[in-house]
Peer 1: 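Pasting a structure below so you can have a look.
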Amino acid sequence: MDQFMLCPLQEGYVFTPGNNVREQKTEGGMPRQVIKFVGAIHTVSAAVYLKDPQARQYFWAFWRINQTKIWRWNLALDNGVKEDCLCQFSAESVPQENLIEGVKRKVTINIYVVPIKRDPAFDRTIIDLWQSGLINNLSDIEKIPNVWLPDAVGV
């Protein structure tokens, strides 16, 4: 399985989580909802910067070889940090290349991403920390190596 080696730009990066819920409208009330799917795919719209002709050649070679295949890319999804993801190019929209500053180019792509399974117990812990206000106490943990240790050592 190929690994895509170009980093996505932050500008224009759009992550849309997959929707596992089916909904039925009701008259005058809240809609009825039910979990219909498990693992509905996410979508990502991202751009990559092609700084020179070699990067451009790499992008188009990668796209031609992997148009219908699953490949890996390091992306930020619903966990907020970059993770190794399984991706597939969308056949509904082909890459769009724009010229920037002469030789440099930006290519925008739309891809499908396999969701990464998250631990519901960890999600519950995060929600409970925020709702109880204890999330503010966690900032002291960061102070140990970044503030208190340098102060103690005299750095």
Peer 1: Applying a strict under-4.5 Å side-chain criterion to I, L, V, M, F, W and Y, I'd like to know whether Y49 and W60 cluster together.
Peer 2: no

Peer 1: Might you point out which heavy atoms bring F89 and I109 nearest each other, and give the distance in Å?
Peer 2: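 The pair with the smallest heavy-atom distance is CE2-CD1, 4.0 Å.
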
Peer 1: Using 30° and 60° as the class boundaries, would you call the ring planes of Y58 and F62 parallel, tilted or perpendicular?
Peer 2: tilted

Peer 1: With a 4.5 Å heavy-atom cut-off, do S45 and T108 have their side chains touching?
Peer 2: yes

Peer 1: Flag yes if more than 12 heavy atoms outside W130 fall under 6.0 Å of its CH2 atom; otherwise flag no.
Peer 2: no

Peer 1: Under 4.5 Å between any side-chain heavy atoms of C87 and I70, yes or no?
Peer 2: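 Sidechains of I70 and C87: no contact.
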
Peer 1: Please tell me if the side chains of W73 and I111 come closer than 4.5 Å, counting only heavy atoms from C-beta onward.
Peer 2: yes

Peer 1: Identify, with sequence neighbours excluded, every residue that meets salt bridge (Lys or Arg N to Asp or Glu O under 4.0 Å) alongside D84.
Peer 2: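 R72.
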
Peer 1: For the atom pair OG1 (T16) and OH (Y112), what is the distance rounded to the nearest 0.5 Å?
Peer 2: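 Spacing of OG1 (T16) from OH (Y112) equals 11.5 Å.
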
Peer 1: Quick one: does Y13's side chain have a donor or acceptor within less than 3.5 Å of a partner on A76's backbone?
Peer 2: yes

Peer 1: Do V107 and N98 pass the side-chain contact (heavy atoms from CB on, under 4.5 Å) test, and can you show the C-alpha distance, the side-chain angles, and the key distance before you say yes or no?
Peer 2: CA-CA 6 Å; V107 176; N98 297 313; over 6 Å; no

Peer 1: Might you confirm whether atom CD of E23 has over 12 heavy atoms from other residues, nucleotides or ligands at distances under 6.0 Å?
Peer 2: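 Count over threshold, so yes.
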
Peer 1: Quick check on I127: does its CD1 atom have over 12 non-hydrogen neighbours (other residues, nucleotides or ligands) under 6.0 Å away?
Peer 2: yes

Peer 1: Are W63 and M5 linked, directly or through other ILVMFWY residues, by side chains that come within less than 4.5 angstrom of each other?
Peer 2: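 Shared cluster, yes.
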
Peer 1: Starting from the C-alpha separation in whole Å, work towards a yes-or-no answer on side-chain contact (heavy atoms from CB on, under 4.5 Å) for L50 and K106.
Peer 2: CA-CA 6 Å; L50 308 177; K106 179 173 83 168; over 6 Å; no

Peer 1: Does the side chain of V14 reach to within under 4.5 Å of the side chain of N110, using non-hydrogen atoms?
Peer 2: no

Peer 1: In the single-linkage hydrophobic clustering (I, L, V, M, F, W, Y; side-chain heavy atoms under 4.5 Å), do V113 and L9 co-cluster?
Peer 2: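 No, V113 and L9 fall in different hydrophobic clusters.
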
Peer 1: Would you find more than 12 non-hydrogen atoms of other residues, nucleotides or ligands less than 6.0 Å from R32 atom CZ?
Peer 2: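 Result for CZ/R32: open.
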
Peer 1: For F15, which residues count as a ring pair (Phe, Tyr, Trp, His ring centres under 6.0 Å) partner, sequence neighbours excluded?
Peer 2: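 So F15 forms a ring pair (Phe, Tyr, Trp, His ring centres under 6.0 Å) with H42.
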
Peer 1: Quick one: closest heavy-atom pair of I116 and C85, and the distance?
Peer 2: CD1-SG, 4.2 Å

Peer 1: Test of understanding: clusters of I, L, V, M, F, W, Y form through side-chain heavy atoms closer than 4.5 Å, transitively. Do F4 and I65 belong to the same one?
Peer 2: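 The answer is no; the residues belong to distinct hydrophobic clusters.
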
Peer 1: Around atom CD of E11, are there more than 12 heavy atoms of other residues, nucleotides or ligands at under 6.0 Å?
Peer 2: no

Peer 1: Check this for me, if you would: do K117 and E83 make a salt bridge, where the nitrogen-to-carboxylate-oxygen distance has to be below 4.0 angstrom?
Peer 2: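 No, K117 and E83 are not salt-bridged.
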
Peer 1: Do F59 and P95 come close enough that some side-chain heavy atom pair is under 4.5 Å?
Peer 2: yes

Peer 1: Is any side-chain heavy atom of L86 less than 4.5 Å from a side-chain heavy atom of M1?
Peer 2: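 Answer yes - side chains close enough.
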
Peer 1: Do D78 and R118 come close enough that some side-chain heavy atom pair is under 4.5 Å?
Peer 2: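 They are in contact (side-chain heavy atoms under 4.5 Å apart), so the answer is yes.
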
Peer 1: Can you tell me how far CE of M30 sits from NZ of K25, rounded to the nearest 0.5 angstrom?
Peer 2: 11.0 Å

Peer 1: Any donor-acceptor pair under 3.5 Å linking the side chain of D119 with the backbone of A121?
Peer 2: yes

Peer 1: Does anything in residues 48-71 form a salt bridge (charged side-chain N to carboxylate O under 4.0 Å, His left out)? List the pairs, not counting sequence neighbours.
Peer 2: R56-E97

Peer 1: Check for me, please, whether V114 and L75 land in the same ILVMFWY cluster - side-chain distances under 4.5 Å, paths through other members count.
Peer 2: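 Hydrophobic grouping puts V114 apart from L75.
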
Peer 1: Heavy-atom distance under 4.5 Å between the side chains of K36 and V21, does that happen here?
Peer 2: no

Peer 1: Within a radius of less than 6.0 Å around CD of Q67, do more than 12 heavy atoms belonging to other residues, nucleotides or ligands occur?
Peer 2: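 Yes - once you tally the heavy atoms of other residues, nucleotides and ligands closer than 6.0 Å, there are more than 12.
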
Peer 1: Tell me the closest heavy-atom pair linking P115 and I41, and the distance in Å.
Peer 2: CD-CA, 4.1 Å

Peer 1: Going from CD on Q88 to CG on N66, what distance comes out if it is rounded to the nearest 0.5 angstrom?
Peer 2: 10.0 Å

Peer 1: Can you tell me if Q3 has over 12 outside heavy atoms packed within less than 6.0 Å of its CD?
Peer 2: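 For Q3, atom CD is crowded (more than 12 foreign heavy atoms under 6.0 Å).
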
